[in-house]
Amino acid sequence: MRLFVSEGAPGSLPVLAAAGRVRGRAELLISTVGPEECVVPFLTQPKVPVLQLDSGNYLFSTTAICRYFFLLSGWEQDDLTNQWLEWEATELQRNW
């Protein structure tokens, strides 16, 4: 897997924190790209963070990437985890 992040991108910090949970469980390459670099070929606007899966598919929602990392790490997600992931996506990122 390859994780693309950008300095200053609002979703990069939670994704990097969640990526720490999969260390040693999956091979993950982290690449820093510019905020205007288009990583996902079928998106019309640049978007980071992006997780490119080994299958070649992409996840480009901060919440989806975090949930994927939690799944790989074996961490059981509870309602409180989901609540704060949704808060981050709807309140925090909206203001950036």
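- Grouping the Ile, Leu, Val, Met, Phe, Trp and Tyr side chains by contacts below 4.5 angstrom, directly or via other members, places F70 apart from V15.
- Taking a 6.0 Å sphere around CG of D79, one finds it holds 12 or fewer heavy atoms contributed by other residues, nucleotides or ligands.
- For the 3.5 Å distance criterion, the side chains of R2 and S31 qualify, holding a donor opposite an acceptor.
- With a 4.5 Å cut-off on side-chain heavy atoms, L51 and F69 count as touching.
- Residue-environment remark: CD (E27) stays at or below the threshold of 12 foreign heavy atoms within 6.0 Å.
- Nearest heavy-atom pair across M1 and A26 is CE-CB, 3.7 Å.
- Linking ILVMFWY residues whenever their side-chain heavy atoms come closer than 4.5 Å, directly or via other members, places L43 and V39 in the same cluster.
- Considering CD of Q83 and OG1 of T81, their distance stands at 9.5 Å, rounded to 0.5 Å.
- Using a 4.5 Å cut-off between side-chain heavy atoms of Ile, Leu, Val, Met, Phe, Trp and Tyr, with links allowed through other members, V33 and V5 fall into different hydrophobic clusters.
- In plain terms, the two heavy atoms of L3 and A19 that are nearest each other are CD2-CB, 4.3 Å.
- Both V48 and F42 sit in one connected hydrophobic cluster of ILVMFWY residues. Membership requires side-chain heavy atoms under 4.5 Å apart, directly or through other members.
- To the nearest 0.5 Å, atoms SG (C66) and CG (L59) are separated by 10.5 Å.
- In the hydrophobic clustering of this structure, L53 groups with I30; members are Ile, Leu, Val, Met, Phe, Trp, Tyr whose side-chain heavy atoms approach within less than 4.5 Å, directly or through other members.
- Residues satisfying the ring pair (Phe, Tyr, Trp, His ring centres under 6.0 Å) criterion with Y68, sequence neighbours excluded, are absent altogether.
- Within the 4.5 Å cutoff, the side chain of V22 has heavy atoms near those of the L28 side chain.
- S6 is not listed as a side-chain neighbour of T32, based on a closest heavy-atom distance of 4.5 Å or more.
- Residue pairs satisfying the side chain to side chain donor-acceptor pair (under 3.5 Å) criterion with at least one member in residues 50-60, sequence neighbours excluded, are listed as follows: Q52-Y58, S55-N57.
- Comment: E36 does not engage K47 in a salt bridge, judged by the lack of any side-chain N to carboxylate O separation of less than 4.0 angstrom.
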